[in-house]
Amino acid sequence: PPKAPLHEFHPVYIHPDDFEHWKKTGTFADGTVFVAESVSVGAKKATSGNGYFMDEYVGLEVSTKDSTRFKDDPGHWAYFSFGETSPFAGVAEKHPVAQCNTCHRGNAEDDFVFTQYYPVLRAARMMPDGR
């Protein structure tokens, strides 16, 4: 809703193999990549009621776990932003550890990932057989 601290939806994408590994182990495999879109929240009053929807595309971020490239970073995670306006950058610089990883370390539920905020990940964690 418009009064929320972050006025965005964050669709997040992960490779199915990395998702399966996490369901089985509770950690993300070395080489896991998350792609996160930031999309503003739109609102509409309609005859059927009020609704919220994804509106304008406002950012693209990537996080990756790589124990070779990011061996000194907590959990071996690194975070990148391709910008907040289109056209997005073709290459992104790694954010400093304190900019992202500090928050992920203290607040993310599983292996530096905010699994608690993603319905598909929450549901997968709750299922006894991981399916």
Side-chain angles (χ1 to χ4, degrees):
K3 292 183 181 179
L6 291 173
H7 308 286
E8 299 173 345
F9 288 106
H10 296 128
V12 177
Y13 307 93
I14 181 175
H15 191 278
D17 293 344
D18 296 328
F19 178 64
E20 289 298 321
H21 183 273
W22 173 77
K23 286 195 312 186
K24 290 178 185 170
T25 68
T27 61
F28 293 97
D30 200 39
T32 295
V33 175
F34 282 98
V35 176
E37 298 173 311
S38 295
V39 183
S40 66
V41 177
K44 180 141 184 130
K45 289 188 177 196
T47 56
S48 60
N50 296 333
Y52 297 100
F53 56 90
M54 290 191 277
D55 198 14
E56 300 295 323
Y57 195 73
V58 295
L60 181 65
E61 297 179 339
V62 170
S63 58
T64 184
K65 182 177 185 176
D66 188 320
S67 62
T68 302
R69 290 175 38 208
F70 310 116
K71 64 182 180 196
D72 297 327
D73 291 348
H76 308 298
W77 285 98
Y79 305 89
F80 303 84
S81 176
F82 288 86
E84 296 178 358
T85 57
S86 184
F88 296 104
V91 176
E93 294 293 320
K94 178 179 170 264
H95 286 295
V97 171
Q99 187 172 354
C100 298
N101 216 325
T102 303
C103 182
H104 282 254
R105 173 187 280 180
N107 300 291
E109 204 159 276
D110 294 299
D111 193 20
F112 293 83
V113 178
F114 293 101
T115 55
Q116 68 267 33
Y117 300 126
Y118 301 107
V120 171
L121 295 177
R122 282 196 319 262
R125 183 184 333 108
M126 291 181 205
M127 296 179 182
D129 65 352
R131 296 200 176 269

Check for a donor-acceptor pair, side chain of Thr64 on one end and backbone N or O of Thr32 on the other, with a separation under 3.5 Å.
-> yes
Do the two ring centres, one from Tyr79 and one from His104, sit under 6.0 Å apart?
-> yes
Is it possible for you to say whether Val12 and Val113 belong to one hydrophobic cluster, with membership spreading through side-chain heavy-atom contacts below 4.5 Å?
-> yes
Kindly compute the distance separating CZ (Phe82) from CD (Glu93), expressed to the nearest 0.5 Å.
-> 10.0 Å
When you measure from the side chain of Trp77 to the backbone N and O of Asp111, does any donor-acceptor pair fall under 3.5 Å?
-> yes
What distance separates His21 NE2 from Phe28 CZ, expressed to the nearest 0.5 Å?
-> 10.0 Å
Verify the cluster assignment for Val39 and Val58: are they in a single hydrophobic cluster under the rule of side-chain heavy atoms below 4.5 Å apart?
-> no
Answer yes or no: is there a side-chain heavy-atom contact under 4.5 Å between Pro11 and Met54?
-> yes
Give a yes or no on whether Phe112 and Val120 share a hydrophobic cluster (residues Ile, Leu, Val, Met, Phe, Trp, Tyr; joining criterion: side-chain heavy atoms under 4.5 Å apart).
-> yes
Counting distance only, does the side-chain N/O of Gln116 pair as donor-acceptor with the main-chain N or O of Glu109 below 3.5 Å?
-> yes
Interatomic distance, Phe34 atom CZ to Phe19 atom CZ [nearest 0.5 angstrom] | 9.5 Å
Answer yes when Lys94 and Asp73 have at least one side-chain N-carboxylate O distance shorter than 4.0 Å, and no when they do not.
-> yes
Any side-chain heavy-atom pair of Asp18 and Val33 under 4.5 Å = no
Say you draw a straight line from SG of Cys103 to CZ of Phe114; how long is it, rounded to the nearest 0.5 Å?
-> 4.0 Å
Least distance between heavy atoms, Ala92 atom then Ser81 atom | CB-O, 3.1 Å
From the options Asp110, Thr27, Ile14, select the one residue that forms a side-chain contact (heavy atoms from CB on, under 4.5 Å) with Trp22.
-> Asp110
About how many Å separate CZ of Phe9 and OG of Ser40, when rounded to the nearest 0.5 Å?
-> 9.0 Å
Indicate the atoms forming the closest heavy-atom contact of Lys65 with Ala29, along with that distance.
-> CD-O, 3.9 Å
